[in-house]
Asker: 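Input: one structure, supplied below.
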Amino acid sequence: VFDETTKLANAQSLGLDCLGISQRLGHAVRTLMQTTVDTFVSQYTATIAEQTTRLDSFNRMLMHELRTPLGTLLFAAELLNRSEASGDRASCVRLAGLIQRNLEHLSGSIRGLERLVFAERLVDAPNRQQVHIGAMAAEVARQLGDMAHARRVEIRITEPLPTLVVDAGQLELVLMNLLTNSIKYSDPGAPI
């Protein structure tokens, strides 16, 4: 009887030990699961915050890239109307060319945006070619000549400027933005 009682007590003790181990394991699993969920939520929140920051930065850049040619187009259209009214055919032709180039730039920007929005993979590499910066700057200055003249701004390009292998469209856009901003924000009281 003593052996049976001892065996029964040992079995009950073993069962209680197993129950205790099972409860501790259950607690450990729940803690591990909660930690995993908390870590995932924290990392997911950080990823969303990073993507939101990148999206905000992209939106600011996009607005600038669209606003600059649109501002140039509006100003050129105003000058075109004045030139047309005065009968200045040469200015009309020059301004029409400026309007067309800026519309082509906007169209290219919108096509790029469409590729980005639809997550198409860009098959073609950027159009990198050898470009003389002085010649490019002179062309941009010519395109903005009427705007500069209307605001009494003189654009000077100092040589020698280097020749680089770059995306010519991107370089033209950078120079266009720099000169447009220079003209727009120039001091009207300064002679040069």
Asker: So, taking the atom named OG in Ser86 and the one named CG in Asn81, what distance separates them when rounded to the nearest 0.5 Å?
Answerer: 11.0 Å
Asker: Tell me, do Asp146 and Leu98 make a side-chain contact under 4.5 Å, heavy atoms counted?
Answerer: no
Asker: Transitive ILVMFWY cluster of Leu25 at side-chain heavy atoms under 4.5 Å: who else is in it?
Answerer: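 In the cluster with Leu25 are Ile21.
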Asker: So which atom in Gly134 and which in Glu159 form the shortest heavy-atom distance, rounded to 0.1 Å?
Answerer: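 Nearest heavy atoms, Gly134 then Glu159: CA-OE2, 3.4 Å.
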Asker: Give a yes or no on whether Phe58 and Leu106 share a hydrophobic cluster (residues Ile, Leu, Val, Met, Phe, Trp, Tyr; joining criterion: side-chain heavy atoms under 4.5 Å apart).
Answerer: yes
Asker: Can a donor-acceptor pair be found, under 3.5 Å and without considering hydrogens, that links the side chain of Ser42 to the backbone of Asp38?
Answerer: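 No.
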Asker: Going by side-chain heavy atoms closer than 4.5 Å, which hydrophobic residues are tied to Val174, directly or by a chain of links?
Answerer: Leu178
Asker: Return the CG to CD1 distance between Leu175 and Ile157, rounded to the nearest 0.5 Å.
Answerer: 8.5 Å
Asker: Clusters formed by hydrophobic residues whose side-chain heavy atoms approach within less than 4.5 Å: which one holds Leu16, and what are its other members?
Answerer: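 None; Leu16 is a cluster of one.
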Asker: Kindly indicate whether the side chain of His27, heavy atoms from C-beta on, has any atom under 4.5 Å from the side chain of Gln23.
Answerer: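 A side-chain contact is absent here, since even the closest heavy-atom pair is not under 4.5 Å.
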Asker: Please check if atom CD in Gln130 has more than 12 non-hydrogen atoms from other residues, nucleotides or ligands closer than 6.0 Å.
Answerer: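 Not more than 12 within 6.0 Å, no.
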Asker: Indicate every side-chain donor-acceptor pair of residues 135-145 with a distance under 3.5 Å to a residue at least two apart or in another chain.
Answerer:
from, atom 1, to, atom 2, distance (Å)
Glu139, OE1, Arg142, NE, 3.1
Glu139, OE2, Arg142, NH2, 2.8
Glu139, OE2, Gln143, NE2, 3.1
Gln143, OE1, Arg101, NE, 3.3
Gln143, NE2, Glu172, OE2, 3.0

Asker: Among the clusters formed by ILVMFWY side chains lying less than 4.5 Å apart, do Leu70 and Met176 turn up in the same one?
Answerer: yes
Asker: Would you mind reporting whether Phe75 and Arg151 have side-chain heavy atoms less than 4.5 Å apart?
Answerer: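 In contact.
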Asker: When clusters are formed from ILVMFWY side-chain contacts under 4.5 Å, directly or step by step, what else is grouped with Tyr185?
Answerer: none
Asker: Going by the rule salt bridge (charged side-chain N to carboxylate O under 4.0 Å, His left out), which residues pair with Glu104 if we only count those two or more places apart in sequence or in a different chain?
Answerer: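 Glu104 satisfies salt bridge (charged side-chain N to carboxylate O under 4.0 Å, His left out) with no residue once adjacent residues are dropped.
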Asker: Side chains of Ser57 and Arg54 only: does a donor on one sit below 3.5 Å from an acceptor on the other?
Answerer: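 No donor-acceptor contact under 3.5 Å links the two side chains.
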Asker: Can you tell me if Met63 has over 12 outside heavy atoms packed within less than 6.0 Å of its CE?
Answerer: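 Count over threshold, so yes.
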Asker: Just by modelled atom types, is the Ile183 backbone N or O under 3.5 Å from a matching donor or acceptor in the Ser186 side chain?
Answerer: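 Looks like yes, one N/O pair under 3.5 Å.
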Asker: Does Leu103 offer a backbone N or O that forms a donor-acceptor pair with the side chain of Ser107 under 3.5 Å?
Answerer: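 Checked: no pair found.
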Asker: Measuring from Leu171:CG to Ile133:CD1, what's the distance to the nearest 0.5 Å?
Answerer: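 Leu171 atom CG to Ile133 atom CD1 measures 6.0 Å (nearest 0.5 Å).
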Asker: For Leu161 versus Thr158, what's the shortest heavy-atom pair and its separation?
Answerer: CG-O, 3.4 Å
Asker: To the nearest 0.5 Å, tell me how far Thr72 OG1 sits from Ile99 CD1.
Answerer: 10.5 Å
Asker: Do Ile155 and Met147 sit in the same hydrophobic cluster, where Ile, Leu, Val, Met, Phe, Trp and Tyr count as joined when their side-chain heavy atoms come under 4.5 Å apart?
Answerer: yes
Asker: Supply the atom-to-atom distance Glu78 CD to Ser83 OG, rounded to the nearest 0.5 angstrom.
Answerer: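 That separation rounds to 10.5 Å.
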Asker: Quick one: pull up OG1 in Thr68 and CG in Asn102 and give me the separation to the nearest 0.5 Å.
Answerer: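 Atom-to-atom, Thr68:OG1 and Asn102:CG are 9.5 Å apart.
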Asker: Using the rule given for side chain to side chain contact (heavy atoms under 4.5 Å, CB included), can you reason through Met33 versus Val37, listing the C-alpha separation, both sets of side-chain angles and the distance that settles it, and then say yes or no?
Answerer: CA-CA 6 Å; Met33 287 173 59; Val37 167; 5.5 Å; no
Asker: Check step by step if side chain to side chain contact (heavy atoms under 4.5 Å, CB included) holds for Asp56 and Arg60.
Answerer: CA-CA 6 Å; Asp56 288 345; Arg60 281 191 299 278; 3.7 Å; yes
Asker: Within the supplied structure, the quantity of interest is the number of heavy atoms (other residues, nucleotides, ligands) at a distance under 6.0 Å from His132 NE2; does it exceed 12?
Answerer: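 More than 12 heavy atoms, drawn from other residues, nucleotides or ligands, come within 6.0 Å of this atom.
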